[in-house]
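Residue indices begin at 1 and follow the sequence shown.
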Amino acid sequence: MARVRYGARTEAELAAARAANAALPDIWSTGVVALWETDPDVVAAVLPPPLKPSGRPLVRVNISRVDLPGYPLGAGSVAVAAAHGDVEGWYPLVMPMTHERALTGGREVFGEPKKLGEVTVERDGLVVRAALARHGIAFVEVRGAVSGPLPLPEPADKTDFYFKFLPAVDGSGLDGDPVLVHCVRHEKVRRLEAVTGDVVLRESMYDPVADLPVRRLVEITIGEKTTDQKGRVVERVAAEALLPYAHQRYDDPRQVLDGPPEGSV
């Protein structure tokens, strides 16, 4: 009988897949990062418990082109500074990806708020433009000119906070209590330059980052880096506490409360 490809994989095939993942080389990306201060009450409003605002009301946008073997990946995020107990890090609100594999892996394994989107990173001489777009709207655009090299930072660990959950089958809320994930990224930088420019936030009902206004631009940089990441579940969160924020994950805020239609497949 010909192999049935939906059938179970053998232990040897599973072991080979695990070994391939463990042996991945450094994958470098070229990215633009913009950091700004916004209104403190805005940051507080978007953080689900038990996350709390950190010392500064910071927003970070990261827009990157990743040199994956065989096909380039566009990857981005818009995140606010947050703290969980003594751990300070970032809470991403939206993470556009240009390929489904990066989207599904991040959402299903870590609970990342990834969505398919368009990611642009362009450099022409000293002129830089980077943007995140979905539904035809470039809801974040960073533009400017390279003003000079910056000292390379030492390799460092950075923490992102995610909530991993699924909507309930019967449309009643969430299918159990979510878990709060600390995702620690070990980051190495091999090139870094300062950019003099600005950040443009455009109105989008799907990605309303325009609600995080630029009150003071802290910095814009362009650089090349590689990261590896490890996640761990640190605690369970009551579904009732997270449900008011679950719409952040979806274009249609009603989706988390949808029940299965009659006769659906």
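- Look at K114 and E112 and you find a salt bridge, because one of the NZ, NE, NH1 or NH2 atoms lies within 4.0 Å of a carboxylate O, short of that distance.
- In this structure the side chain of I63 never reaches within 4.5 angstrom of the side chain of T120, judged on heavy atoms.
- The shortest heavy-atom contact between S77 and L132 is N-CD1, 4.1 Å.
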Let me see the working for R123 and E193 under salt bridge (Lys or Arg N to Asp or Glu O under 4.0 Å), right down to the final yes or no. CA-CA 12 Å; R123 178 170 180 172; E193 296 172 283; 2.6 Å; yes
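- A donor-acceptor contact shorter than 3.5 Å is absent between the side chain of T98 and the backbone of E118.
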Test side-chain contact (heavy atoms from CB on, under 4.5 Å) applied to Y250 and Y206, step by step: CA-CA 8 Å; Y250 303 99; Y206 304 104; over 6 Å; no
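- V94 is not listed as a side-chain neighbour of P113, based on a closest heavy-atom distance of 4.5 Å or more.
- Salt-bridge formation is not detected for the pair K188/E224: no Lys NZ or Arg NE/NH1/NH2 atom is positioned less than 4.0 Å from an Asp or Glu carboxylate oxygen.
- Using a 30° and 60° split on the angle between ring planes, H84 and F161 fall in the perpendicular class, above 60°.
- Side chains of H182 and D160: a donor-acceptor N/O pair is absent below 3.5 angstrom, by distance only.
- For the pair E187 and K225, the salt-bridge criterion is met [side-chain N within less than 4.0 Å of a carboxylate O].
- Here Q248 contributes atom CD and L242 contributes atom CG; the two are 8.0 Å apart, rounded to the nearest 0.5 Å.
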Determine, stepwise, if the pair V78 / V59 fulfils side-chain contact (heavy atoms from CB on, under 4.5 Å). CA-CA 7 Å; V78 179; V59 184; 4.1 Å; yes
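- The nearest pair of heavy atoms linking G111 to R249 is O-NH2, 3.3 Å.
- Taking every heavy atom of both residues into account, W90 and L35 meet most closely at CH2-CD1, 3.5 Å.
- A donor-acceptor contact shorter than 3.5 Å links the side chain of R134 to the backbone of L116.
- Here the closest non-hydrogen pair linking G197 and I220 is C-CD1, 3.8 Å.
- Of the possible donor and acceptor atoms, one in the side chain of D170 sits under 3.5 Å from a partner among the backbone N and O of S172.
- A donor atom on one side chain and an acceptor atom on the other are not found under 3.5 Å apart for D157 and T159.
- Relative to the six-membered ring of W36, R216 misses at least one condition, a distance below 6.0 Å or an angle of at most 45° to the axis.
- Between the side chain of R65 and the backbone N or O of T30, no donor-acceptor pair lies under 3.5 Å.
- Counting only distance, with no hydrogens or angles, the side chain of D175 and the backbone of L166 share no donor-acceptor pair below 3.5 Å.
- When every heavy atom of V189 is checked against every heavy atom of L152, the shortest pair comes out as O-CD1, 3.9 Å.
- Closest non-hydrogen pair, L212 versus T38, comes out as C-OG1, 3.3 Å.
- No donor-acceptor distance shorter than 3.5 angstrom exists from the side chain of R107 to the backbone of V109, with no hydrogens or angles considered.
- Looking at D228 and H186, their side chains never bring a donor and an acceptor atom within 3.5 Å of each other.
- The NZ atom of K158 sits 10.5 Å away from atom CZ of R185, with the distance rounded to the nearest 0.5 Å.
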Side chain to side chain donor-acceptor pair (under 3.5 Å) assessment of D207 paired with H135: CA-CA 10 Å; D207 305 289; H135 300 287; 5.6 Å; no
Does the pair E141 and V199 meet the rule for a side-chain contact (heavy atoms from CB on, under 4.5 Å), with working shown? CA-CA 6 Å; E141 182 177 0; V199 176; over 6 Å; no
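- Contact of the W28 side chain with the V66 side chain is not registered, since no non-hydrogen atoms from C-beta on lie closer than 4.5 Å.
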From CA spacing to verdict: side-chain contact (heavy atoms from CB on, under 4.5 Å), R60, V33: CA-CA 7 Å; R60 181 195 67 189; V33 178; 3.9 Å; yes
Salt bridge (Lys or Arg N to Asp or Glu O under 4.0 Å) between D251 and K115, worked out: CA-CA 9 Å; D251 285 351; K115 299 178 179 180; 3.1 Å; yes
Test salt bridge (Lys or Arg N to Asp or Glu O under 4.0 Å) on E13 and R5; report intermediate values, then the result. CA-CA 13 Å; E13 289 172 321; R5 285 168 290 177; over 6 Å; no
